[in-house]
Amino acid sequence: MTTPERTFRPSIARHRRFVAGIVIDSIGTGVFIPVSMLYFLATTSLTLVQVGAALTTAGLLALPAGPLAGGLVDRYGAKPVLQAANLAQALGFAGYLVVDQTWQIAVFAWLNSAGRAVFFSCYGVTVTALAAPGQRERWFGLMGSVRNLGYALGGLLSAVAVSFGTHGVYAAIVVVNALSYVAAFVLMRTVPNSRPEAGRDAAGGWGRVLRDRRYLSLVAHQLCFAISLFALNIAIPVYAVDVLGLPGWTAGAVFALNTLMVGFGQGVVLGWLGGRIRSRVLVAGHACFAAGYVLFLAADRVAALALAVAVVLLGAGSYTFGEILGGPITSTVAAESAPAALRGRYLALNQLAVTVAGAVAPAALSGLLSAGAATIWLTLVGVSALGATLATTIGRVMPAAQNRIGDA
């Protein structure tokens, strides 16, 4: 066993432009996401229901894009497919400047959703190729940190811009986002294209991927982990403000706490975890998720307003620690468990679990929340327990999950 490196951050000297491209991409995304619905309501005559239906339709139609991209990555390498995803999203956001009908929103939103799905299908392959063995957890952790900080900065810029509330400001937000994808496309030109050699390892294609039962257990684990990740955007803010009746700034404080902890704490925690078995860290991550959910439920039993806010923030801290523990490890295990010649397909299937979770989470979590605090939080505790069980299972059957963090 090699000695785990304790450095908090991997060296990015040779890949500054790739990191810069990810930062610019995330800032652009952070600018638009908080105002996506507001933009269409302010710039078109469509209703909230019509806009929501168009965006949902686009998201569902984009589901096959990630798996299709996986085959292209295995054939042509990740770089050209990643750049195509950047251009698709740039075109999609440029199209938002001229839409005024439901079908037009659906078309350009499909370009954005499909481009995003393709991007994340290529992203893991690219990071795996750039990062040396033993440094992949730190690379995935670094990328998670910079994306979170980029989203936060973009969200801050968006909040300032929307305070003016003019049509021109909304258009400027869309233009900035479109240009961010063009800039990312240009920066990605210098990223090496890792194209696997065709051979016996490439035989079988998708049939081989879908018959790999060990990897399917990892995908099931990814689904559990992703469901918990979507709770932050969907359930926690609504629960804190509408159910508990806490001040509106509580939701913002939860997001700020999550962003700061992931952005600045990810590397520190990974350095501290060096040498620990990956599957056990995944189990600990699910335990932190579950502890956060129990604290959210406990906040419903607290009478004092200030104490309830404190309990919610404590729950958010525990929840975020689960995200910090699990995020880089799930990505690393998924990447290293795939044969190099089929890594595009394998990671596309793993990413599909995240996409499916994102599609079902709004309806599922909203329905659970409407049924009561105990229903949603105890259900999510159950999801965490299932995730921990699956993490234990893959720790027994997958060598990549049995490895220690930082081992080459």
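The shown structure was predicted, so the numbers you read here are calculated from the model rather than taken from an experiment.
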Task: F321 ring center near F289 ring center (under 6.0 Å) - done: no
Task: T250 (side chain) donor-acceptor with P247 (main chain) under 3.5 angstrom - done: yes
Task: Polar side chain donor-acceptor pair, Y346 to D212, under 3.5 angstrom - done: yes
Open item on the list: Parallel, tilted or perpendicular: which one describes the rings of F296 and Y293, with boundaries at 30° and 60°?
Closed with: tilted
Open item on the list: Regarding R343 and E336, does a basic nitrogen lie under 4.0 Å from an acidic carboxylate oxygen?
Closed with: no
Task: Heavy-atom closest pair, residues L97 and A171 - done: CD2-O, 3.8 Å
Task: Pairwise distance CD1(I277) to CG(L282) - rounded to 0.5 angstrom - done: 11.5 Å
Task: Separation between OG of S337 and CG of N403, rounded to the nearest 0.5 Å - done: 9.0 Å
Task: Flag side-chain contact, heavy atom, 4.5 Å: L61 against T57 - done: yes
TODO: Heavy atoms only: give me the nearest A231-L365 pair and the separation to one decimal.
DONE: CA-CD1, 3.9 Å
Task: I227 CD1 to Q222 CD distance, which is reported to the nearest 0.5 Å - done: 10.5 Å
Task: Closest approach of L218 to A334 (non-hydrogen atoms, all atoms of both residues) - done: CD2-CA, 3.5 Å
Open item on the list: Is there a side-chain contact between Q50 and F40 in this structure, where contact means two heavy atoms from C-beta onward sitting under 4.5 Å apart?
Closed with: no
Open item on the list: With heavy-atom distances below 4.5 Å as the criterion, would you say the side chains of Y215 and N350 are in contact?
Closed with: yes
TODO: For the residue pair D300 and Y239, establish whether any side-chain heavy-atom pair is separated by less than 4.5 Å.
DONE: yes
Open item on the list: Please find the pair of heavy atoms, one from A78 and one from V125, that lie closest to each other, and give the distance.
Closed with: CB-CG1, 4.0 Å
Task: Flag for D100-T44: side-chain donor and acceptor within less than 3.5 Å - done: no
Task: With V254, the side chain to side chain contact (heavy atoms under 4.5 Å, CB included) member among L246, I236, T259, T320 - done: I236
- [ ] Could you grab the distance from atom CZ of R345 to atom CZ of R75, nearest 0.5 Å is fine?
- [x] 7.5 Å
Open item on the list: Quick one: does any side-chain atom of S331 pair with a main-chain N or O of P328 as donor and acceptor, under 3.5 Å?
Closed with: no
Open item on the list: Quick check: do L273 and L325 have side-chain heavy atoms less than 4.5 Å from each other?
Closed with: yes
Task: L82 side, atom CG; L72 side, atom CG - distance, nearest 0.5 Å - done: 13.0 Å
Task: Close side-chain approach of L216 and L349, heavy atoms under 4.5 Å - done: yes
Open item on the list: Test your reading of the model: is there a side-chain donor-acceptor pair from S318 to the backbone of L314, 3.5 Å cut-off?
Closed with: no
Open item on the list: If you define the side chain from C-beta out and look only at heavy atoms, does anything of V182 sit under 4.5 Å from N86?
Closed with: no
Donor-acceptor pairs are to be reported for all side-chain atoms of residues 381-395 against protein atoms at under 3.5 Å, with residues two or more places apart or in another chain.
unit_1 : atom_1 : unit_2 : atom_2 : d
S384   : OG     : L380   : O      : 3.2
T389   : OG1    : A385   : O      : 2.9
T392   : OG1    : A388   : O      : 3.0
T393   : OG1    : T389   : O      : 3.0

TODO: Starting from the C-alpha separation in whole Å, work towards a yes-or-no answer on side-chain contact (heavy atoms from CB on, under 4.5 Å) for Q83 and R189.
DONE: CA-CA 8 Å; Q83 288 187 290; R189 293 177 62 188; 3.2 Å; yes
- [ ] Output yes when a side-chain donor or acceptor of Q89 lies under 3.5 Å from a complementary backbone atom of Y181, and no otherwise.
- [x] no
- [ ] Hey, could you give me the CZ/CD distance between R396 and Q402, rounded to the nearest 0.5 Å?
- [x] 10.5 Å
Open item on the list: Quick one, R278 and I405 - any side-chain contact, counting heavy atoms below 4.5 Å?
Closed with: yes
Task: CA sep, side-chain torsions, deciding dist, call: W272, V268, side-chain contact (heavy atoms from CB on, under 4.5 Å) - done: CA-CA 6 Å; W272 172 65; V268 176; 5.7 Å; no
Task: Main-chain N/O of N177 paired to S180 side chain as donor or acceptor, under 3.5 Å - done: yes
Open item on the list: Can you give me the closest heavy-atom contact between G344 and D74, atom names plus distance?
Closed with: N-OD1, 2.7 Å
Open item on the list: Using side-chain contact (heavy atoms from CB on, under 4.5 Å), reason through I105 and Q101 one step at a time and then give a plain yes or no.
Closed with: CA-CA 7 Å; I105 294 178; Q101 297 183 45; over 6 Å; no
Open item on the list: On a heavy-atom basis, which atom in A69 and which in V81 lie closest, and how many Å separate them?
Closed with: CB-CG1, 4.2 Å
Open item on the list: For N258 and Y319: C-alpha separation, side-chain torsions, deciding distance, then whether side chain to side chain donor-acceptor pair (under 3.5 Å) applies.
Closed with: CA-CA 9 Å; N258 176 267; Y319 166 94; 5.7 Å; no
TODO: For Y96 and N112, test the side chains for any donor-to-acceptor distance below 3.5 angstrom and give the result as yes or no.
DONE: yes
